[in-house]
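Okay, structure first, notes after.
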Amino acid sequence: MTDTPNVKERDFWSGPIGQSWVTSQEEMDIQLAEVADLVMRHADPRPGQRVIDIGSGTGALSLLAANAVGSTGRVLTTDISEPLLSHASKRGQHLPQMRTFLGDAQIGDWPETDFDLAISRFGVMFFADPPAAFANIAKALKPGGSIVFAAWAPASRNPFWHIPAKHAVAHLGQPPKTEPDSPGPMGLSTMSLALERLRDSGLENVSGEEVTVHLRHTDGPHAFANLCTRMGAAKRILSHFDASPEDQHIIETQITAEFAPFAQPDGSTAIPAAINLLTATKPI
Ligand SMILES: C[S@@+](CC[C@H](N)C(=O)[O-])C[C@H]1O[C@@H](n2cnc3c(N)ncnc32)[C@H](O)[C@@H]1O
(Lines give C-alpha, C1' and ligand atoms only; values in the text may rest on other atoms or scores of the structure.)
Protein backbone atom coordinates (compact mmCIF):
# COMPACT_ATOMS: atom_id res chain seq x y z
CA MET A 1 0.00 0.00 0.00
CA THR A 2 1.22 3.52 -0.77
CA ASP A 3 1.63 6.21 1.90
CA THR A 4 -1.38 6.72 4.09
CA PRO A 5 -2.40 9.60 6.38
CA ASN A 6 -3.65 6.89 8.73
CA VAL A 7 -0.33 5.09 9.18
CA LYS A 8 -0.74 4.76 12.98
CA GLU A 9 -4.11 3.07 12.55
CA ARG A 10 -2.76 0.84 9.79
CA ASP A 11 0.07 -0.31 12.06
CA PHE A 12 -2.28 -0.71 15.05
CA TRP A 13 -4.74 -2.89 13.13
CA SER A 14 -1.96 -4.85 11.39
CA GLY A 15 -0.13 -5.68 14.65
CA PRO A 16 -1.07 -7.69 17.75
CA ILE A 17 -4.59 -6.20 17.96
CA GLY A 18 -5.32 -7.27 14.39
CA GLN A 19 -4.03 -10.75 15.28
CA SER A 20 -6.34 -10.81 18.31
CA TRP A 21 -9.33 -10.00 16.09
CA VAL A 22 -8.36 -12.89 13.81
CA THR A 23 -7.89 -15.42 16.63
CA SER A 24 -11.05 -14.22 18.43
CA GLN A 25 -13.11 -13.89 15.24
CA GLU A 26 -15.87 -16.32 16.25
CA GLU A 27 -16.21 -14.73 19.68
CA MET A 28 -16.29 -11.22 18.14
CA ASP A 29 -18.87 -12.22 15.53
CA ILE A 30 -21.17 -13.41 18.33
CA GLN A 31 -20.44 -10.34 20.43
CA LEU A 32 -21.26 -7.91 17.62
CA ALA A 33 -23.97 -9.89 15.79
CA GLU A 34 -26.79 -7.51 16.73
CA VAL A 35 -24.79 -4.55 15.41
CA ALA A 36 -24.35 -6.36 12.08
CA ASP A 37 -28.09 -7.10 12.02
CA LEU A 38 -28.84 -3.43 12.69
CA VAL A 39 -26.73 -2.31 9.70
CA MET A 40 -28.19 -5.01 7.46
CA ARG A 41 -31.78 -4.14 8.41
CA HIS A 42 -31.26 -0.48 7.54
CA ALA A 43 -29.12 -1.02 4.44
CA ASP A 44 -31.38 -3.84 3.21
CA PRO A 45 -29.15 -4.97 0.30
CA ARG A 46 -31.17 -6.67 -2.46
CA PRO A 47 -30.21 -9.44 -4.91
CA GLY A 48 -28.05 -8.01 -7.68
CA GLN A 49 -26.99 -4.88 -5.76
CA ARG A 50 -23.42 -3.65 -5.34
CA VAL A 51 -22.15 -3.08 -1.80
CA ILE A 52 -18.85 -1.77 -0.42
CA ASP A 53 -17.94 -2.64 3.20
CA ILE A 54 -15.61 -0.06 4.80
CA GLY A 55 -13.14 -1.23 7.47
CA SER A 56 -14.41 -4.79 7.06
CA GLY A 57 -12.05 -6.39 9.56
CA THR A 58 -12.51 -10.17 9.43
CA GLY A 59 -15.50 -9.75 7.12
CA ALA A 60 -18.64 -10.59 9.14
CA LEU A 61 -20.72 -7.81 7.57
CA SER A 62 -19.39 -8.49 4.06
CA LEU A 63 -20.44 -12.15 4.32
CA LEU A 64 -23.99 -11.16 5.29
CA ALA A 65 -24.09 -8.64 2.44
CA ALA A 66 -22.67 -11.16 -0.06
CA ASN A 67 -25.41 -13.63 0.85
CA ALA A 68 -28.04 -10.90 0.53
CA VAL A 69 -26.92 -9.66 -2.93
CA GLY A 70 -26.42 -13.21 -4.22
CA SER A 71 -24.40 -14.35 -7.20
CA THR A 72 -25.64 -11.51 -9.43
CA GLY A 73 -24.49 -8.87 -6.95
CA ARG A 74 -21.09 -7.69 -5.79
CA VAL A 75 -19.48 -6.96 -2.42
CA LEU A 76 -16.15 -5.14 -2.19
CA THR A 77 -14.64 -5.90 1.21
CA THR A 78 -12.14 -3.17 2.12
CA ASP A 79 -9.71 -2.59 4.97
CA ILE A 80 -6.40 -0.90 5.76
CA SER A 81 -5.07 -3.99 7.60
CA GLU A 82 -3.57 -6.78 5.51
CA PRO A 83 -3.94 -9.57 8.13
CA LEU A 84 -7.59 -8.71 8.78
CA LEU A 85 -8.44 -8.42 5.10
CA SER A 86 -6.73 -11.68 4.20
CA HIS A 87 -8.78 -13.45 6.91
CA ALA A 88 -11.96 -11.90 5.43
CA SER A 89 -10.85 -13.04 1.99
CA LYS A 90 -10.43 -16.65 3.19
CA ARG A 91 -13.87 -16.61 4.79
CA GLY A 92 -15.44 -15.38 1.55
CA GLN A 93 -13.59 -17.58 -0.92
CA HIS A 94 -16.72 -19.68 -1.61
CA LEU A 95 -18.59 -16.50 -2.64
CA PRO A 96 -17.43 -15.29 -6.09
CA GLN A 97 -19.43 -12.06 -5.67
CA MET A 98 -17.11 -11.04 -2.80
CA ARG A 99 -13.79 -9.33 -3.66
CA THR A 100 -11.29 -7.57 -1.40
CA PHE A 101 -9.40 -4.28 -1.62
CA LEU A 102 -6.51 -3.35 0.69
CA GLY A 103 -6.34 0.40 1.19
CA ASP A 104 -7.02 3.45 3.32
CA ALA A 105 -10.68 4.44 2.90
CA GLN A 106 -9.63 8.09 3.25
CA ILE A 107 -7.50 8.09 0.11
CA GLY A 108 -8.02 4.68 -1.51
CA ASP A 109 -8.34 4.66 -5.28
CA TRP A 110 -11.30 2.26 -5.49
CA PRO A 111 -10.85 -0.50 -8.10
CA GLU A 112 -14.61 -0.39 -8.78
CA THR A 113 -17.26 2.30 -8.38
CA ASP A 114 -21.04 2.68 -8.89
CA PHE A 115 -21.93 0.90 -5.65
CA ASP A 116 -25.52 1.10 -4.43
CA LEU A 117 -24.53 0.96 -0.77
CA ALA A 118 -21.56 1.66 1.49
CA ILE A 119 -21.88 -0.13 4.82
CA SER A 120 -19.72 -0.40 7.91
CA ARG A 121 -19.80 -1.88 11.38
CA PHE A 122 -17.32 0.10 13.49
CA GLY A 123 -14.88 0.66 10.59
CA VAL A 124 -15.32 4.41 10.04
CA MET A 125 -14.27 6.07 13.33
CA PHE A 126 -10.52 5.96 12.79
CA PHE A 127 -9.91 8.51 10.02
CA ALA A 128 -7.43 11.40 10.50
CA ASP A 129 -9.73 13.55 8.33
CA PRO A 130 -13.31 12.21 8.52
CA PRO A 131 -14.92 14.58 5.95
CA ALA A 132 -12.16 13.74 3.43
CA ALA A 133 -12.66 10.04 4.12
CA PHE A 134 -16.44 10.20 3.74
CA ALA A 135 -16.00 12.17 0.49
CA ASN A 136 -13.66 9.45 -0.78
CA ILE A 137 -16.13 6.73 0.22
CA ALA A 138 -18.82 8.66 -1.67
CA LYS A 139 -16.63 8.40 -4.81
CA ALA A 140 -17.26 4.65 -4.74
CA LEU A 141 -21.04 5.16 -4.79
CA LYS A 142 -23.30 5.76 -7.73
CA PRO A 143 -25.33 9.02 -7.63
CA GLY A 144 -28.16 8.47 -5.14
CA GLY A 145 -26.26 5.60 -3.45
CA SER A 146 -26.59 5.27 0.32
CA ILE A 147 -24.32 4.85 3.31
CA VAL A 148 -25.30 3.02 6.49
CA PHE A 149 -22.66 3.07 9.22
CA ALA A 150 -22.70 1.86 12.83
CA ALA A 151 -20.38 3.63 15.30
CA TRP A 152 -20.17 3.66 19.09
CA ALA A 153 -22.29 6.18 20.98
CA PRO A 154 -20.45 7.75 23.96
CA ALA A 155 -18.55 5.42 26.30
CA SER A 156 -20.61 6.71 29.24
CA ARG A 157 -23.65 4.94 27.73
CA ASN A 158 -21.71 1.76 26.94
CA PRO A 159 -20.88 -0.50 29.92
CA PHE A 160 -18.64 -2.51 27.55
CA TRP A 161 -16.39 0.58 27.38
CA HIS A 162 -16.73 2.45 30.66
CA ILE A 163 -16.59 -0.49 33.10
CA PRO A 164 -13.35 -2.07 31.78
CA ALA A 165 -11.75 1.39 31.35
CA LYS A 166 -12.62 2.37 34.94
CA HIS A 167 -10.98 -0.73 36.43
CA ALA A 168 -7.93 -0.61 34.17
CA VAL A 169 -7.34 3.08 35.05
CA ALA A 170 -7.92 2.48 38.79
CA HIS A 171 -5.35 -0.33 38.80
CA LEU A 172 -2.74 0.95 36.33
CA GLY A 173 -3.22 4.73 36.09
CA GLN A 174 -4.56 7.15 33.51
CA PRO A 175 -2.98 6.96 30.04
CA PRO A 176 -2.60 10.29 28.17
CA LYS A 177 -6.10 11.63 27.45
CA THR A 178 -7.10 12.02 23.81
CA GLU A 179 -9.35 14.75 22.45
CA PRO A 180 -13.01 13.72 22.42
CA ASP A 181 -14.04 12.45 18.99
CA SER A 182 -10.43 12.13 17.81
CA PRO A 183 -9.68 9.09 15.61
CA GLY A 184 -10.42 5.94 17.60
CA PRO A 185 -13.37 3.83 18.73
CA MET A 186 -15.22 6.95 19.99
CA GLY A 187 -14.41 8.98 16.85
CA LEU A 188 -18.08 9.43 15.87
CA SER A 189 -19.64 9.17 19.32
CA THR A 190 -20.95 12.75 19.58
CA MET A 191 -23.95 12.58 17.28
CA SER A 192 -23.99 16.29 16.32
CA LEU A 193 -20.31 16.17 15.35
CA ALA A 194 -20.71 12.89 13.45
CA LEU A 195 -23.55 14.41 11.39
CA GLU A 196 -21.50 17.57 10.76
CA ARG A 197 -18.60 15.47 9.47
CA LEU A 198 -20.88 13.60 7.08
CA ARG A 199 -22.45 16.87 5.82
CA ASP A 200 -18.97 18.42 5.40
CA SER A 201 -18.09 15.57 3.05
CA GLY A 202 -20.84 16.63 0.64
CA LEU A 203 -23.27 13.82 1.45
CA GLU A 204 -27.02 14.58 1.55
CA ASN A 205 -29.97 13.40 3.66
CA VAL A 206 -27.61 12.95 6.58
CA SER A 207 -29.30 11.53 9.64
CA GLY A 208 -28.43 9.66 12.80
CA GLU A 209 -30.18 7.75 15.50
CA GLU A 210 -28.90 6.25 18.75
CA VAL A 211 -30.05 2.65 18.93
CA THR A 212 -29.73 0.17 21.81
CA VAL A 213 -28.71 -3.41 21.03
CA HIS A 214 -26.99 -6.12 23.07
CA LEU A 215 -23.42 -7.35 22.91
CA ARG A 216 -23.40 -11.07 23.59
CA HIS A 217 -21.15 -13.86 24.79
CA THR A 218 -22.23 -17.50 24.86
CA ASP A 219 -20.47 -17.88 28.23
CA GLY A 220 -20.81 -16.06 31.56
CA PRO A 221 -19.58 -12.61 32.70
CA HIS A 222 -16.06 -13.96 33.41
CA ALA A 223 -15.67 -14.86 29.71
CA PHE A 224 -16.89 -11.42 28.59
CA ALA A 225 -14.51 -9.80 31.11
CA ASN A 226 -11.65 -11.87 29.71
CA LEU A 227 -12.53 -10.71 26.19
CA CYS A 228 -12.36 -7.11 27.47
CA THR A 229 -8.73 -7.64 28.49
CA ARG A 230 -7.96 -8.76 24.93
CA MET A 231 -10.00 -6.12 23.01
CA GLY A 232 -11.40 -2.67 23.61
CA ALA A 233 -10.84 -0.07 26.32
CA ALA A 234 -9.08 -2.19 28.95
CA LYS A 235 -6.82 -3.79 26.35
CA ARG A 236 -5.70 -0.36 25.13
CA ILE A 237 -4.80 0.65 28.72
CA LEU A 238 -3.14 -2.70 29.52
CA SER A 239 -0.99 -2.34 26.38
CA HIS A 240 -0.11 1.29 27.17
CA PHE A 241 1.24 0.30 30.61
CA ASP A 242 2.71 -2.99 29.39
CA ALA A 243 0.73 -4.65 32.18
CA SER A 244 1.72 -8.02 33.63
CA PRO A 245 -0.51 -11.14 33.56
CA GLU A 246 -1.12 -10.53 37.31
CA ASP A 247 -2.40 -7.00 36.60
CA GLN A 248 -4.58 -8.41 33.85
CA HIS A 249 -6.00 -11.03 36.22
CA ILE A 250 -6.86 -8.42 38.90
CA ILE A 251 -8.58 -6.14 36.36
CA GLU A 252 -10.46 -9.08 34.81
CA THR A 253 -11.79 -10.15 38.24
CA GLN A 254 -13.07 -6.63 38.93
CA ILE A 255 -14.75 -6.39 35.52
CA THR A 256 -16.34 -9.83 36.05
CA ALA A 257 -17.95 -8.64 39.30
CA GLU A 258 -19.45 -5.57 37.60
CA PHE A 259 -20.66 -7.57 34.60
CA ALA A 260 -22.59 -9.95 36.93
CA PRO A 261 -25.96 -8.19 36.39
CA PHE A 262 -25.66 -8.92 32.64
CA ALA A 263 -25.64 -12.73 33.17
CA GLN A 264 -28.58 -14.48 31.47
CA PRO A 265 -30.55 -17.48 32.80
CA ASP A 266 -29.11 -19.70 30.03
CA GLY A 267 -25.52 -19.01 31.17
CA SER A 268 -24.74 -16.47 28.45
CA THR A 269 -24.08 -12.73 28.89
CA ALA A 270 -25.86 -9.78 27.24
CA ILE A 271 -24.58 -6.24 27.74
CA PRO A 272 -26.71 -3.32 26.50
CA ALA A 273 -24.87 -1.15 23.96
CA ALA A 274 -25.65 2.30 22.56
CA ILE A 275 -24.87 2.56 18.85
CA ASN A 276 -24.92 5.61 16.56
CA LEU A 277 -26.58 4.50 13.34
CA LEU A 278 -25.60 7.02 10.64
CA THR A 279 -27.18 7.23 7.20
CA ALA A 280 -26.75 9.54 4.19
CA THR A 281 -26.95 9.56 0.40
CA LYS A 282 -24.68 10.71 -2.40
CA PRO A 283 -26.20 13.64 -4.30
CA ILE A 284 -27.73 12.75 -7.66
C1 LIG B 1 -13.22 -2.09 15.21
S2 LIG B 1 -12.62 -2.86 13.78
C3 LIG B 1 -14.13 -3.36 13.01
C4 LIG B 1 -13.95 -4.47 12.03
C5 LIG B 1 -15.24 -5.01 11.38
N6 LIG B 1 -15.94 -3.98 10.65
C7 LIG B 1 -16.14 -5.68 12.37
O8 LIG B 1 -17.13 -5.08 12.78
O9 LIG B 1 -15.84 -6.83 12.75
C10 LIG B 1 -12.13 -1.47 12.78
C11 LIG B 1 -11.63 -1.81 11.39
O12 LIG B 1 -11.43 -0.60 10.66
C13 LIG B 1 -10.25 -0.73 9.90
N14 LIG B 1 -9.73 0.61 9.56
C15 LIG B 1 -9.23 1.53 10.41
N16 LIG B 1 -8.84 2.63 9.74
C17 LIG B 1 -9.11 2.41 8.42
C18 LIG B 1 -8.92 3.17 7.22
N19 LIG B 1 -8.37 4.39 7.24
N20 LIG B 1 -9.31 2.62 6.04
C21 LIG B 1 -9.84 1.36 6.01
N22 LIG B 1 -10.03 0.60 7.12
C23 LIG B 1 -9.68 1.11 8.30
C24 LIG B 1 -9.34 -1.54 10.80
O25 LIG B 1 -8.26 -2.13 10.12
C26 LIG B 1 -10.31 -2.55 11.40
O27 LIG B 1 -10.44 -3.69 10.60
Side-chain angles (χ1 to χ4, degrees), residues 1-40 43 51-65 75-89 91-92 100-110 118-137 139-140 147-152 158 160-161 182-189 197 213 215-216 227-228 230-233 235-236 273 275-278:
M1 198 194 313
T2 51
D3 269 1
T4 159
N6 292 298
V7 69
K8 264 169 74 179
E9 291 295 336
R10 182 196 63 196
D11 294 348
F12 178 80
W13 292 104
S14 304
I17 285 288
Q19 271 317 319
S20 263
W21 273 76
V22 169
T23 48
S24 309
Q25 173 245 301
E26 282 179 35
E27 215 177 352
M28 293 306 288
D29 283 355
I30 291 166
Q31 188 205 334
L32 301 178
E34 287 190 20
V35 189
D37 290 346
L38 179 72
V39 174
M40 289 296 289
V51 181
I52 179 167
D53 180 9
I54 309 294
S56 65
T58 56
L61 195 57
S62 286
L63 291 166
L64 293 173
V75 173
L76 189 63
T77 302
T78 71
D79 205 281
I80 199 169
S81 157
E82 197 280 325
L84 286 171
L85 195 69
S86 76
H87 190 73
S89 175
R91 293 179 79 194
T100 57
F101 172 70
L102 179 67
D104 180 348
Q106 187 175 319
I107 54 160
D109 191 4
W110 306 116
I119 57 175
S120 184
R121 179 182 74 179
F122 298 146
V124 289
M125 303 91 81
F126 305 93
F127 305 133
D129 184 343
F134 297 139
N136 195 52
I137 292 166
K139 281 189 196 162
I147 67 151
V148 182
F149 295 156
W152 292 105
N158 276 297
F160 169 76
W161 285 98
S182 57
M186 296 299 145
L188 295 173
S189 59
R197 288 171 170 174
V213 297
L215 309 181
R216 296 190 183 272
L227 177 62
C228 288
R230 289 179 277 126
M231 317 286 215
K235 174 62 187 170
R236 285 176 181 245
I275 308 299
N276 285 345
L277 183 72
L278 304 164

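Numbering of ligands and ligand atoms starts at 1, following listing order.
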Inset, instruction - Run the salt-bridge test on Arg230 and Glu27 with the 4.0 Å N-O cut-off and return the result as yes or no. - result: yes

Inset, instruction - Consider ligand 1: state whether an atom of it lies below 4.0 angstrom from any non-hydrogen atom of Leu84. - result: yes

Legend entry - Heteroatom distance test (Ile54, ligand 1): nitrogen or oxygen, under 3.5 angstrom: no

Inset, instruction - May I ask you to check whether Thr77 and Ser56 show a side-chain donor-acceptor distance below 3.5 Å? - result: no

Legend entry - Nitrogen or oxygen atoms of Ala105 and ligand 1 under 3.5 Å apart: yes

Inset, instruction - If you have a sec, work out which protein heavy atom is nearest atom 5 (C) of ligand 1 and how many Å separate them, to one decimal? - result: Ser56 O, 3.2 Å

Inset, instruction - Over all heavy atoms of both residues, which pair between Pro5 and Ile107 is shortest? Give the atoms and the distance, please. - result: CD-CD1, 3.7 Å

Legend entry - Heavy-atom nearest neighbour in the protein, as seen from atom 23 (C) of ligand 1, with distance rounded to 0.1 Å: Ile80 CG2, 3.5 Å

Legend entry - Polar atom proximity, Asp104 to ligand 1 (N or O, under 3.5 Å): yes

Inset, instruction - Evaluate the ring planes of Trp152 and Trp161, with Trp represented by its six-membered ring, and classify them as parallel (under 30°), tilted (30 to 60°) or perpendicular (over 60°). - result: perpendicular

Legend entry - Shortest non-hydrogen contact from Ala36 toward Leu61: O-CD1, 3.9 Å

Inset, instruction - Give the residue, atom name and distance (to 0.1 Å) of the protein heavy atom nearest atom 10 (C) of ligand 1. - result: Phe122 O, 3.2 Å

Inset, instruction - Report yes or no: does Ala60 have a heavy atom closer than 4.0 Å to ligand 1? - result: no

Inset, instruction - Please work out which of Phe127, Phe12, Trp13 has its closest non-hydrogen atom nearest to atom 2 (S) of ligand 1. - result: Trp13

Inset, instruction - Using the test salt bridge (Lys or Arg N to Asp or Glu O under 4.0 Å), find all partners of Arg91 that sit at least two apart in sequence or belong to another chain. - result: Asp29

Legend entry - Contact check, Asn6 vs ligand 1, heavy-atom distance below 4.0 Å: yes

Inset, instruction - Check salt bridge (Lys or Arg N to Asp or Glu O under 4.0 Å) between Glu9 and all other residues, then give those that pass, not counting sequence neighbours. - result: none

Inset, instruction - Report yes if some N/O of Arg121 lies less than 3.5 Å from some N/O of ligand 1; otherwise report no. - result: yes

Inset, instruction - Among all protein heavy atoms, pick the one closest to atom 27 (O) of ligand 1 and tell me residue, atom and distance. - result: Asp79 OD2, 2.6 Å

Inset, instruction - Would you please determine whether Pro183 falls within less than 4.0 Å of ligand 1 on a heavy-atom basis? - result: no

Legend entry - Distance-only donor-acceptor check, side chains Gln106 and Asn6, under 3.5 Å: yes

